[in-house]
**Q** 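Sending over a structure as C-alpha cells; questions will come in a sec.
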Amino acid sequence: MNDTFYPPLKRIAAIHDLSGLGKCSLTVALPVISATGVECACIPTAVLSTHTGEFTGWTLRDLADDMLPMARHWQSTGATFDGIYTGYLATPSQAETVLRVLELLANDETLVIVDPVMADNGRYYSNLDDRMCQAFRRLIAHAHVITPNITEAALLAGMDYQHDSHGEVYLRTLFRRLADLGPKTIVITGVRTESGEIGNLAYDVKTGEICRCMRPARAGLFYGTGDILASSLAALLVRGATVPQALTTATLLTDDSIERSLHHDTPRRFGVDFEGALPAYVRRVEEIFKTEG
Ligand code: PXL
C-alpha cells in the first residue's frame, strides 16, 4: 500500500443556467470547481442554446419546476453539501425557489455563495429588470459570500453606476450598503482604478478590511469571466483557502483565460479560453493545499 493521503472531497451544489454554447454559468462552474478538487453537483435553473449577450434568437427552457424535486431527491439520499453556490436565475421567482433549496440542503457548516448575475457594463442582461435586483436582495440576506460585478453591486446598493474608475469613497460606500443586506464577505469584480488597472476586491464585513487583486485592464467585455472568478473563489473557500488566497488564485485564473482568448483572437461572445489556463491553476491550487498531503 502506498502512503498517499487523499484529502476528503468537499461538495458544492451549483445552481445556475446551462447555456449550451458561449462558455458561462454551468459550463464554466463544472470544470473550474472540479479542477479545484471539489465535487460539483448541478441544479440547472434553465437550459439555453447560448447566453443572452451578443447572441440573438437563443432558446430558453425554464427549469423552475424541476429545482425543488431535484433538491428533495438529493436530500433523500443523505448527501451533504459543503457549499451552495448560485448564479443566473431565469426569473425573479426562482430566488424564492433557491431559498427553499437552501432550507433543504444547507446545514450549519454549509457556505452559501450568491453571485447575483443580472447585469454588466451599466446595464441589465436581456429580459431582466429591477424585479431581479429585488429578488437578489432577498436571496443575499441568506448568503455568506456574494460576488457582484461593479454594475450589480451598484444596482443592489441603490447607487449610481460609475463607468470609468472607482475611488475609495465610492467603493467603501458600496461595501457598507451591501453589508447591510446581510453577507459576511463581499467580493466586487471588475473594479477599475484611475491608473488603468482592473481587478477584484474582497471586503470583510466584520473587520472592515479590504484585500484587492488588480491586473492591467483590457478594453471591452469578456463573457463568462465573472462565472470563472466566482466558481474558483467558491470552490477554494469551500476547500478552506483564506479569502486573500482565494481572491488571488481566482483572479489569476480569470486573467490567464482572458490573455489566452486575446492571443487566439477568440470572438468575444464565445467566452474566454479558460481550458488552457487550468493546468497552471491546478498547480497553484495544489500549492495552497500542499500541507494536506
Ligand atoms: O455569464 C453570465 C450569464 C449567465 N447566464 C446567462 C447569461 C449571462 C450573461 O450574459 O446570459 C444566460
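Every number for a ligand or one of its atoms is a count from 1 in the order of the listing.
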**Q** Has R218 got more than 12 heavy atoms of other residues, nucleotides or ligands less than 6.0 Å from its CZ?
**A** yes
**Q** Could you say whether the N/O atoms of Y88 and ligand 1 ever approach to under 3.5 Å?
**A** no
**Q** Among all protein heavy atoms in this structure, tell me which lies nearest to atom 3 (C) of ligand 1, with the distance rounded to 0.1 Å.
**A** V117 CG1, 3.9 Å
**Q** Atom CG of residue position N107 - does it have more than 12 heavy atoms of other residues, nucleotides or ligands inside 6.0 Å?
**A** yes
**Q** Check each atom of ligand 1 against the heavy atoms of S25 and keep those under 4.0 Å away; list them by number with element.
**A** 4 (C), 5 (N)
**Q** Does some side-chain heavy atom of T110 sit less than 4.5 Å from a side-chain heavy atom of D82?
**A** no
**Q** Identify the closest protein heavy atom to atom 5 (N) of ligand 1: which residue and atom is it, and at what distance?
**A** D17 OD1, 2.9 Å
**Q** Quick one: nearest non-hydrogen protein atom to atom 1 (O) of ligand 1, plus distance?
**A**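 It is D227 OD2, 2.7 Å.
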**Q** Name the closest protein heavy atom to atom 7 (C) of ligand 1, giving the residue it belongs to and the distance to 0.1 Å.
**A** H51 CB, 3.6 Å
**Q** Taking only distance into account, with no hydrogens and no angle test, what donor-acceptor pairs under 3.5 Å do side-chain atoms of residues 21-34 form with protein atoms, sequence neighbours excluded?
**A**
residue	atom	partner	partner atom	Å
K23	NZ	V272	O	3.2
K23	NZ	D273	OD1	3.4
K23	NZ	E275	OE1	3.2
K23	NZ	E275	OE2	3.2
S25	OG	D17	O	3.3
S25	OG	D17	OD1	2.9
S25	OG	D17	OD2	3.0
T27	OG1	C24	N	3.3
T27	OG1	C24	O	3.0
S34	OG	L30	O	2.9

**Q** Taking atom CZ of R123 as the centre, does the number of heavy atoms from other residues, nucleotides or ligands within less than 6.0 Å exceed 12?
**A**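 No, because the 6.0 Å sphere around CZ of R123 holds 12 heavy atoms or fewer from other groups.
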**Q** Should we say atom NE2 of H73 is surrounded by more than 12 heavy atoms from elsewhere, each under 6.0 Å from it?
**A** no
**Q** Does only the side chain of D120 get under 4.0 Å from ligand 1, or the backbone, or both, or neither? Count heavy atoms.
**A**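 Near ligand 1, D120 shows nothing, with every heavy atom at 4.0 Å or more.
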**Q** Mark up the atoms of ligand 1 that fall under 4.0 Å of a heavy atom belonging to S19, in ascending order.
**A** 12 (C)
**Q** Which of the atoms of ligand 1 are close to L48, meaning less than 4.0 Å from one of its heavy atoms?
**A**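 It comes down to these atoms of ligand 1: 12 (C).
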**Q** Determine whether M214 and T193 make a side-chain contact, defined as any pair of heavy atoms from C-beta on separated by less than 4.5 Å.
**A** yes
